[in-house]
2 protein chains.
Amino acid sequence: MLELAILGLLKERAMHGYQLKKRLADTLGSFWQVSYGSLYPTLKRLQAQSAVEMVFPREDVGRRKNVYRVTAKGEEMFAELLERVGQEAAEDNGFSVRLAFFRYLKPETRIRLLERRRTFLEGRGSTLKESLREYRERIDGYTLSLMKHELDATESDIRWLEDLIKSEQRQVERPLRRSRAARIAQRERA
Amino acid sequence: MLELAILGLLKERAMHGYQLKKRLADTLGSFWQVSYGSLYPTLKRLQAQSAVEMVFPREDVGRRKNVYRVTAKGEEMFAELLERVGQEAAEDNGFSVRLAFFRYLKPETRIRLLERRRTFLEGRGSTLKESLREYRERIDGYTLSLMKHELDATESDIRWLEDLIKSEQRQVERPLRRSRAARIAQRERA
DNA sequence: TTCGTCATGTAATGGGTTACATGATTAC
DNA sequence: GTAATCATGTAACCCATTACATGACGAA
């Protein structure tokens, strides 16, 4: 997860650990906090795997900063990690981090990931409904209220996902339609 | 967290590990999954601390089952863990687990916990708004959409909390009013 | 000159998971 | 008798955190 996030951010531009942490906090910070104690070791590990390499300072001579950039191997790793449509990719953080790098995926893969997430949330929804049906009388008001609220939140998540999926599908279809139009135009020209 | 949940569930009735895991999955399962690899060691640890003790099987002789019950010391531990209004008590899981045992808290403590959670969520909300304001033009559509959706979800959480707080406050006030009425009645009797 | 923030790192610890191993009981 | 589920446990690992340690640089 952290590796994916680091590679994804370094893909945009070379950065050093401290900067990386700031960017991480800014874009993913509302759900995903990283400490230096995990950031720096991960960065070193990625370097050892030659997924990233140090950019030796030019104008930046002053401060002791370890600026890293992604290597070709790092790009591969990133793509592999990002596309991996396992269980982890459907869970809260795994999904959010991947969404932040969606622009690097093909629309079809995006749809697959979105649908995986939807299935996951539908599972959570059913579990919640089941619990509500099964235990409604036996559980206390607070847990009941929590469950109802969770169910609402889950359903809202699903609606949001549905919108994302629809908009992806439009993006997949439109080029097709255009090419069909192009084919027609070509036929007419003939 | 797990200790709190185990003690809280065993407070209701004595159970063995397997049962405990089921109850855990049923009531808190939508956000909090535990594996045996962490459940059994925790149970043993609690036993070593004499927070729980084994109930020796009577009618249940057949199966090899380790049924545990909470001890007086366990009750103390539970109360202490539950009331602890630290950072962890405001975070997602910490809060939800505590909410599931809210009935064991005084209304004032409940309100304190609810307000801590609200403050926490308001912080998240501000962070999100800040990011949206700051980066709106620079970040990609997916992250933007995620952030907006997160903000909506956070605001919905806050509204829900507000309702819970209000209903707690009513419960704090009503007995006061009743006692005032009692005082008046007493005065009239005099 | 000193304070804040930039910047990097390590060691100890924590809290969990996965995979493995075992075996009893129940339902078919 | 055999498959599913009940039931307990351990060892290896993973991913992260906290606390600690260090020091450079810029601004007041």
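Just so we're on the same page: letters track the sequence lines, and every chain starts at 1. Heavy-atom basis, side chains included; hydrogens, waters and symmetry copies ignored.
- Atom CG of B:N66 is separated from atom C1' of D:dT8 by 7 Å (rounded to the nearest Å).
- In terms of phosphate contacts, A:K22 brings a side-chain nitrogen or oxygen within less than 4.0 Å of OP1 or OP2 of C:dC6.
- Distance, A:L43 CG to C:dT10 P: 12 Å, rounded to whole Å.
- To the nearest angstrom, C1' of D:dT17 lies 16 Å from CG of B:N93.
- Contact between the side-chain N/O atoms of B:S38 and the OP1/OP2 oxygens of C:dT17 is found at a separation under 4.0 Å.
- Proximity of A:Y18 to the phosphate of C:dC6: a side-chain N or O atom is located under 4.0 Å from OP1 or OP2.
- In this structure, A:Q33 reaches the sugar-phosphate backbone alone: every heavy-atom distance under 4.0 Å involves primed, P, OP1 or OP2 atoms, never a base.
- Following rounding to the nearest Å, B:H16 (NE2) and D:dG9 (C1') show an atom-to-atom distance of 14 Å.
- Screening A:K44, A:R45, A:R84 for a salt bridge (Lys or Arg N to Asp or Glu O under 4.0 Å) with A:E3, the sole residue that qualifies is A:R45.
- Among B:F101, B:F102, B:W160, the one residue that satisfies the ring-ring contact (aromatic ring centres under 6.0 Å, His included) test with A:Y142 is B:F102.
- Residue A:S35 places none of its side-chain N or O atoms closer than 4.0 Å to OP1 or OP2 of D:dA16.
- Heavy-atom nearest nucleotides on DNA chain D were determined for B:Q19 and for B:G37, and the one closer to the 5' end corresponds to B:Q19.
- A:Y40 has a side-chain polar atom (N or O) that falls below the 4.0 Å cut-off from OP1 or OP2 of C:dT8.
- The interatomic distance linking A:K21 (NZ) with C:dT5 (C1') rounds to 13 Å, in whole Å.
- Rounded to an integer number of Å, the gap from B:E88 CD to C:dG16 P is 11 Å.
- In this structure, CG of B:L39 is placed 12 Å from C1' of C:dG16, rounded to the nearest angstrom.
- Contact of the B:I158 side chain with the B:T154 side chain is registered, since non-hydrogen atoms from C-beta on lie closer than 4.5 Å.
- In summary, the side chains of A:T71 and A:E53 do not present any donor paired with an acceptor at a separation below 3.5 Å, with no hydrogens or angles considered.
- Between A:K65 and the phosphate of C:dC6, there is no side-chain N or O to OP1/OP2 separation shorter than 4.0 Å.
- Here B:Y104 and B:F78 bring their ring centres to under 6.0 angstrom of each other.
- The CZ atom of A:R23 sits 16 Å away from the P atom of C:dA7 (whole-angstrom rounding).
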